Amino acid sequence: MQIIAFFNLKGGVGKTTSAVNIAWQAANQGIPTLLWDLDPQGAASWLLQRKSKPKAEAKKLLSGKTPIGELVKNTDYPSLDIIPADFSFRQMDLDLAKAGDNKNQLAKLLAPFGESYSLIVLDCPPSFSELTEQMFAAADAIYVPIIPSHLSMRTFEQTRDFFKENNLKPKRLHAFFTMADRRRSLHRVMLAHPPKVLKHGLKTAIPYAAVVEKMGEVRAPLAAFAANSAVNKAYEALWEEIKLTLDTSS
Ligand SMILES: Nc1ncnc2c1ncn2[C@@H]1O[C@H](COP(=O)(O)OP(=O)(O)OP(=O)(O)O)[C@@H](O)[C@H]1O
Ligand SMILES: [Mg+2]
């Protein structure tokens, strides 16, 4: 089982859009995939039309009162399951912090899924917190969507520096461009000459496309209603590139 996360300290950069479409791409290839919506905003759950079960309280989950498997729901797509977000997840930071220095709690929670899933996709909230640090410890690879801009680069550097300072192997961090708009000169320049800080970055850039907004209206991954769009094809290519960074054989 491989655990991947879509993370950026910045909000609104395409974490959820990428998590949902990449999870779909994996599942579509028959890879048993579980998407965990860790953001109390619940955008990924909304897009896949699933709500959390009443028992889905973070506290009960962490204390072992609710086994994590009970929170899983299927989706409309074969091989793709989801743990929908629960508003109580906003407390998860406090609950995780109470457990002290153990940074492997999230990894421990996910371990039982090794028998049923080959891929776990985490959709993270736009914050830096105890949950983030636990996610950094649990994930085999972290994918960071970046809108081409200097400020985005700076935010990415902050995350990379955090990895370096905490011996977290920065090689696991893979940035990729999202909402790339070739009509804008800064975007064109950054796509052609990615800054050095992105040296472990992915080559596939996700273009800016109005059809992405429609995901919120149709409440489905792009492949379900815009399979032939350039942006869906870009997600297909991104998944192929992500696979090269992963071992999904176990
Ligand atoms: N490639 C794209 N082209 C156009 N719009 C996009 C693209 N990717 C995402 N969007 C839109 O941008 C908005 C933010 O996307 P998304 O929710 O995926 O970001 P996020 O990083 O998960 O946000 P948050 O930090 O709030 O969790 C959404 O309205 C989404 O439809
Ligand atoms: Mg999101």
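Counting starts at 1 for both ligands and their atoms, following the listed order. Note that the structure is predicted; figures quoted are calculated from it, not measured.
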**Prompt:** With a 4.5 Å heavy-atom cut-off, do Leu35 and Ile83 have their side chains touching?
**Reply:**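 Answer no - side chains too far apart.
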**Message:** When you compare the side chain of Ile120 with that of Gln2, does any pair of heavy atoms fall below 4.5 Å?
**Reply:**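 Answer no - side chains too far apart.
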**Message:** Residue by residue, ordered by chain and number, which ones reach under 4.0 Å of ligand 1 with a heavy atom?
**Reply:**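 Close residues (ligand 1, cut-off 4.0 Å): Gly11, Gly12, Val13, Gly14, Lys15, Thr16, Thr17, Asp39, Gln41, Pro126, Met179, Ile206, Pro207, Tyr208, Ala209, Val212, Glu213.
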**Message:** Taking the six-membered ring for Trp, are Phe128 and Phe136 closer than 6.0 Å centroid to centroid?
**Reply:**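 Centroid distance Phe128-Phe136: below 6.0 Å, so yes.
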**Prompt:** Quick one: are the ring centres of Tyr143 and Phe176 less than 6.0 Å apart?
**Reply:**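 When the ring centroids of Tyr143 and Phe176 are compared, they turn out to be at least 6.0 Å apart.
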**Prompt:** For the side chain of Thr66 and the backbone of Leu61, is there at least one donor-acceptor N/O pair under 3.5 Å apart?
**Reply:**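 Not at all, since once roles are kept as given, no pair shorter than 3.5 Å links the two residues.
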**Prompt:** Does Gly14 offer a backbone N or O that forms a donor-acceptor pair with the side chain of Thr17 under 3.5 Å?
**Reply:**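 A pair under 3.5 Å: no.
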**Request:** Give a yes/no answer: is there an N/O/S atom of Thr17 under 2.8 Å from the Mg ion (ligand 2)?
**Result:**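 Checking Thr17: none of its N, O or S atoms is under 2.8 Å.
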